[in-house]
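Worksheet: one structure, shown below.
All values below were derived from every heavy atom in this structure, side-chain atoms included, with hydrogens, water molecules and symmetry-related copies excluded.
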Amino acid sequence: MSAHQLVLKQRAELLSVLCGGGSAEPLDCVLDLLLAWEILVWEDYLSIRVAEKSLCSNVRQLLDVVYDKGEDACSLLLAAMNQVLPEEQKAGLSFGKECAVVDKNRPDTAASMLLADRPVLVGKLRDNIDGALNALLTTGCFTIKDCDAVQLPVYTPSQQVRRLLDQVRFKGETAAKTILQYLEQTEPTRPNPEDKENHLSANVLLYQKKLRSSVAAQSHSLSTYGGTGRFSLDDIYTDGLLEVMNGSGETTTLGLEDVVGPLGTLNEDADTVLVSGEAGSGKSTLLQRLHLLWAREALLTNTFLLFPFSCRKLNAEHRELSLKELLFLHCCWPDRGQDEVFQFVLDHPNLVLFTFDGLDEFKQGFTDEERHCCPTKQVPIPVLLFNLLQGTLMKGVMKVVTSRPQAVGPSLKRYLRKEVLLKGFSPGGIDCFVKKHHSDPAMARRVIESLQANMVLLSLCHIPVFCWIVTKCHQELLAGQDSVPQTITDVYLLVLQHFFQRKSSQSQGVLGKAWLEEHLDTVLKLGQLALEGLKASCYVFSGYELQRNGPTEQDVSMGFLIYCNDLSATDCKSYEFIHVTLQRFFAALYVVLNRNGDRSAISRLFQPQYRQLSGRSQRCLGHCIDSSVEEVESHVTETPNLQITAQFVSGLLSRRHHYLLLECCPAAVWERKVKQVVKLLSKGMQRHFKSIPRPVEGEKKSMHAMPSFVWLIKCIYEMQDNSIAQDTMAKLDVEHLKLTYCNIGPVECTALAYVLKYLRNPVGLQLDNNSVGDVGVEQLLPCLHICHSLYLRNNNISDEGIRKLLEKGMTCESFQKIALFNNNLTDACTQHFALLLKSKQNFLALRLGNNNITSQGAEQLAEGLSYNQSLQFLGLWGNKIGDRGAEALASALKNSTSLIWLSLVDNGVGSAGACALAELISQSKTMQELWLNKNCITREGVECLIEALKMNTSIKEVWLKGNNLRPEEEEELSKQESRLTF
C-alpha cells in the first residue's frame, strides 16, 4: 500500500497517537523534521501550529496539508512519526517502506540554516535558553518583552526553544546569526579521534575501542530479574517515567538522554547525578541501557570513556585500591599504555563518566569525614567511592548513581548535581513490556486483558519487577485459580509457586496443594541465607556462605539464586538472588516459618526504637537469626530493607494464606505471630497519631504524614483484614491528611483507599507531587466518599483518570473540592467537570491550573457553571483559554450567587476578554478577587475593568501584573483605581 493510502486509511489512528497524551510535543517534533526536510514551508507551519486552536485541530490540519502534497510528503510524514513516537504507541500502525531523506545543499543564509537544523537545535538550546536570550538581548535583536514572551511558565523547555526560533525567524538574518554564533561558542569541545594532534594516542583509542566492546558485551542481555541471557536488552527494554524536580518543587519529564544533561540541574558545582527509585523500578536496567547506547555511540556522544561499577560487587572488594587500580581492575584492563590511558583520564575529566549502580546496597553509609584526593594512593573502597561522589577526587568527572530514595541522606544530597526520579512504567509501558516479553501476540493480549480486568494487579505492574513476575508467571495467572493476586505478597507467592512448578518432579508437572510444605527445607535454607545477607548488607554470596547455610545444589537449581560474575580477587563461584526484593521475601518467609527463631524477631522488624543506630552500624536483623547461626560482622541494614521485609511478614500472616502456611508452622505459633504483628502495627499508628499537633485557632486539625506512615498502611493492606483497618482508622481524628512528596504511586493508592475508607469523618486528602497517575486515581475511588477535598497537583493524571474520578465523585455527597494543577488534562476533561457542576450543587472549589485547556474547554466548562450556584473558587491559571474562553466563563458566571475568587492568570486573555470580565464584575454580588496577571490586556481592557469596579464595592483586588501596559500607564491607571495591582 502506498504512503498516500496509508495516511488516509490510518488517519484516525495517526490523529489519536499525536493527540492522545494531551501533549503537543509529538506534533512539534514531527513538524521540526518536516520543516528540516523541506516537506513543509514556513507558511504551512504557521497554518498548522495555531495557538488558539486545539491540539486535535492542529493535527488534522497537518494531515490535510501533507496529504495534499502527495506520495513523497506522506512517506516522509510516516518516517517522521516512526522516528518520534515511542514504541508502545507504534503498535498496530504501518509506516510503509523506509524512505531515505535526500541530502540537500547546506543553506546559504543563517535563517534557512535554523530551519534545516531545527530538530537538532531544539535539543541543543533546551538547556541553554537563558544564554541564548542574553545573547539576543546584548545584540539588540530582542527586547525584554520578547524574552518574557518566550519564557512564559506555561511552555515546556522544548516549547520555549521553538517559540524562540520562531521569533528569531521573524526578527531576520541578524538574529539568526546571533543564535548560530552563540551555539558555536558554547559547543563543548571534545577530541576528534581522527585528529592525530588532539592528544589522542593510538593507545588511548585502542583502549576506548576495547572499553566500548566490553561494556557492549556486558549490557547486551538483560541482567536484571534473573540474568538468564534469554532476552536481548534491545528486545525487552521499555522506557520508564523519568522526572526531575526544580527548586520550586515542579517536575519536568526527562528522556534517557537528559539523565546526564543540564536539564534539571540544581547545583552547577556538583558532578553527581542521582537516579532514585523504589526497589524494582528499573534503575539497574536503565543504567544498562545507558551503557549499551554509549557503547554503540548512539548516546552520550560527548563522553569518551565510560566506567561502569556495581556497588553490590564492590562490597566484595576487600583490598585497598588506588583510582587507577579501581578503573582497570573493575572495568577494563588496558592491553598497553596503562600510564598513558590513566593520564588521559586525569587530563580530561569532562570526557569521562563513572556510573555506580545500587548505592543503597553498599555496606557502608555515605560519609564525608575522611577526605582523599590523590588518584594514585591506595585506600579502602568506601573512602575511594565517597570521595569520587563528593568531587574531592576527580573533580569534573560526571558520576551517575542509582539508589532507593530512602537510602540517600542529607550528607550525600549536598553533593548532588540533580536527582532524577524513576517512577516505573506508564500504562502504555506495561502493555509494551508484556508484548515484548511474549512473542505470541495472542498470549500477550490475554495477559494484558487479565491485567486490565484486575486494577489492583495492574497497579502493581507499574513497578517493572512486578510486571516481570506477572508476565513470567502468566500460566498460573491465567489458570483460573481460586484467588487473583491482590497484594505484593500474593505476587511473590505466585513466583515462588512458579519456580517450584517448573522443577516439580510430579506427574505432568503439577504441584500438590501442600506445595510449600513439600519444599519447606529449601525455603528455610534460602531464607536463612537471605536474612543473613540483609543483616550484613550482603547481596552476593560465596560458595562458602552457601555451604555454611546449607543450600544444596538442588536448592540452587530451583532458580532463585543465579551465578554472578564476582569481581573480587578470588576465583570462587558467587551467587545472588534474582532480585533484591526476592531476597527480602525469603527473609520474611524465614521469620514466619522458622520454629526455633527468637521470639523478638518480628518486634525488631517493626519497632524503630529497637534499632541501635551509631554512625554506620545498625544491628536490627541480627536478632531475627537463630542464635545457633555463626555471627558475622554487622554492617548497615537500611530502613527500606527492614520495612519491605516487615511488609512481606504482614502479608504472609494474612488469613488468606493460613491454609497454605498451616502445615509449615504450628497453628499456635502462627496465631501468636499474627497477634504480635497486629499489636505492633497498632502501636506504630498510635505513635503517628500522638504526634499530630493541636490545630491553630481557626485552622483545621491536620496530620502531615511521613513515609513511615505509608509503610504501616501498606502492612495493614498486606494483611487483608478489614477489622484491623477499621480499628486503626477509628482512632484517627483529623480534618486534613497531607501526604505530599511521599512517593505515592498506584500501589500505595490501593493500600490507602483500603484503610482510609474506614475513617469516621470526611477529610481533605492531599496527595500533591506524587506519582498517582490514572491507575492510582482509580484505586482511590473506594475512599472518595470520605474525602471532602482531594488535592492531586502534579501527578501525571490524564482525562481518562478524571473521567472515572468524576463519575464516582458525583455520587459522593461529601466530595466538594478538587485541585489538579500541573497534570495532563485537555479540553476532553471539561465536559465531565461541566456535568459534575450541573449535578452537584454543593461543590465549592475547582482548580485546574497549568494544564492544556483551550477556549473550547472553557466553553464546555461554562455550560456547567451556568447551572451551578455553589462554586466559590475557580482556578484556571496557566492554560490557553484566550478571549473566547474568558468571554464564555464571564457570561456563565454573571448570575453566580457564590463565586468569591477567579484566576485566569497566564491564559492569553486580551482586552476583549477583560471587557467581558468587567461585565461580570459589575453584576457579581459575591466576587472578591480576580487574578489576570501575565495576560495580553491593554489600556482599553483595564479601563473597562475600572468602570466596572466603580459599580461594585465588594471586589477587594484585581491583579494585572505582566500585561501589555507601559510603566507610566500602570502608574496612571492605579491612581484611578486603588484596587488594581500591577
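- Across all their heavy atoms, C332 and L211 have their closest contact at CB-CD1, 3.5 Å.
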Side chain to side chain contact (heavy atoms under 4.5 Å, CB included) assessment of I744 paired with S771
CA-CA 6 Å; I744 304 290; S771 309; over 6 Å; no

Side chain to side chain contact (heavy atoms under 4.5 Å, CB included) between L242 and L421, worked out
CA-CA 6 Å; L242 284 170; L421 309 174; over 6 Å; no

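- When the salt bridge (charged side-chain N to carboxylate O under 4.0 Å, His left out) test is applied to D271, the partners found at least two apart in sequence or on another chain are K395, K399.
- The ring pair (Phe, Tyr, Trp, His ring centres under 6.0 Å) test applied to F328 returns Y207, not counting sequence neighbours.
- Scanning both residues, G424 and P464, for their nearest heavy atoms gives CA-CD, 3.9 Å.
- Judged purely by atom type and a 3.5 angstrom limit, Q390 uses its side chain to pair as donor or acceptor with the backbone of F386.
- Here the side chain of K377 pairs no donor or acceptor atom with the backbone of L321 at under 3.5 angstrom.
- Remark: the E317 side chain and the H330 side chain contain an N/O donor-acceptor pair separated by less than 3.5 Å.
- Each salt bridge (Lys or Arg N to Asp or Glu O under 4.0 Å) pair with one or both residues in residues 255-267, not counting sequence neighbours, appears once here: R126-D258.
- At a threshold of 4.0 Å, the pair E278-R404 does not count as salt-bridged, since none of the basic side-chain nitrogens sits closer than that to a carboxylate oxygen.
- Under the 3.5 Å distance criterion, the side-chain polar atoms of R417 are matched with a main-chain donor or acceptor of E268.
- Shortest non-hydrogen contact noted between C742 and N770 is N-OD1, 2.9 Å.
- V401 has its side chain out of reach of V273: every pair of non-hydrogen atoms, C-beta onward, lies at least 4.5 Å apart.
- Without hydrogens or angle criteria, N387 side chain to L393 main chain gives no donor-acceptor distance under 3.5 Å.
- Here R319 contributes atom CZ and L329 contributes atom CG; the two are 5.5 Å apart, rounded to the nearest 0.5 Å.
- In this view, N267 and D269, A270 satisfy the side chain to side chain contact (heavy atoms under 4.5 Å, CB included) rule, not counting sequence neighbours.
- In terms of heavy-atom proximity, L531 sits nearest to A587 at CD1-CB, 3.6 Å.
- A distance of 7.0 Å separates CG in L346 from CG in L323, rounded to the nearest 0.5 Å.
- In this model, a donor atom of one side chain and an acceptor atom of the other lie less than 3.5 Å apart for S201 and E340.
- A side-chain N or O of N794 and one of N769 form a donor-acceptor pair less than 3.5 Å apart.
- Contact annotation: the side chain of I562 never approaches that of F577 to less than 4.5 Å [non-hydrogen atoms, C-beta and beyond].
- For L241, the side chain to side chain contact (heavy atoms under 4.5 Å, CB included) criterion is met by K423, S426, N796, not counting sequence neighbours.
- Counting non-hydrogen atoms of neighbouring residues, nucleotides and ligands closer than 6.0 angstrom, the NZ atom of K209 reaches no more than 12 such neighbours.
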Show the numbers, then the answer: is there a side chain to side chain contact (heavy atoms under 4.5 Å, CB included) between E297 and T301?
CA-CA 6 Å; E297 302 185 63; T301 52; 5.5 Å; no

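- Using a 4.0 Å cut-off between charged nitrogen and carboxylate oxygen, D339 and K324 count as a salt-bridge pair.
- How far OG of S310 is from OH of Y539: 11.5 Å, rounded to the nearest 0.5 Å.
- Taking E25 as the reference, R162 meet the salt bridge (charged side-chain N to carboxylate O under 4.0 Å, His left out) condition, with sequence neighbours excluded.
- No side-chain heavy atom of P746 sits less than 4.5 Å from a side-chain heavy atom of V772.
- Here the CG atom belonging to L164 is positioned 9.5 Å from the CG atom belonging to L121, to the nearest 0.5 angstrom.
- Not one N or O on the side chain of W294 forms a donor-acceptor pair closer than 3.5 Å with the backbone of L306.
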Checking side chain to side chain contact (heavy atoms under 4.5 Å, CB included) for the pair L299/L292: CA distance, chi angles, key distance, verdict?
CA-CA 9 Å; L299 201 67; L292 184 62; over 6 Å; no

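- When only modelled atom types and interatomic distance are considered, T355 and H291 share a side-chain donor-acceptor pair under 3.5 Å.
- Closest non-hydrogen pair, S214 versus C331, comes out as OG-O, 4.0 Å.
- Ring centroid separation for the pair H688 and F709 comes in under the 6.0 Å cut-off.
- In this structure, Y575 has its ring center at least 6.0 angstrom away from the ring center of F541.
- Checked by atom type, the side-chain pair D768/Y791 shows no donor-acceptor distance below 3.5 Å.
- A pairwise comparison of heavy atoms in C311 and G358 identifies CB-O, 3.2 Å as the closest pair.
- Two residues are said to be in side-chain contact when any heavy atoms from C-beta on lie closer than 4.5 Å; Q208 and R212 meet this criterion.
- In this structure the side chain of V244 never reaches within 4.5 angstrom of the side chain of T253, judged on heavy atoms.
- Using a distance-only test at 3.5 Å, with no hydrogens or angles considered, a donor-acceptor pair links the side chain of N823 to the main chain of L792.
- Close placement of the F344 and F304 rings is indicated, their centers lying within 6.0 Å of each other.
- Using a 4.5 Å heavy-atom cutoff, the side chains of D130 and Q151 are in contact.
- Formation of a donor-acceptor pair under 3.5 Å by the R584 side chain with backbone atoms of F648 is not found in this model.
- Note: L256 CG to L287 CG = 9.5 Å, rounded to the nearest 0.5 Å.
- Looking at Q378 and E325, their side chains come closer than 4.5 Å, going by heavy atoms from C-beta outward.
- The shortest side-chain heavy-atom distance between F307 and V345 falls under the 4.5 Å cut-off.
- Considering K413, M245, E243 in turn, K413 is the only one that fulfils the side-chain contact (heavy atoms from CB on, under 4.5 Å) rule with E419.
- The closest donor-acceptor contact from the side chain of N795 to the backbone of L767 lies under 3.5 Å.
- Without hydrogens or angle criteria, H579 side chain to T581 main chain gives a donor-acceptor distance under 3.5 Å.
- To the nearest 0.5 Å, atoms CZ (R312) and CD (E361) are separated by 4.0 Å.
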For a side-chain hydrogen bond (donor to acceptor under 3.5 Å, both in side chains) check, start with the C-alpha distance between T402 and D357, then their side-chain angles and the critical distance, and finish with the verdict.
CA-CA 5 Å; T402 67; D357 186 30; 2.5 Å; yes

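- Checking side-chain atoms of S219 against main-chain N and O of V215 turns up a donor-acceptor pair under 3.5 Å.
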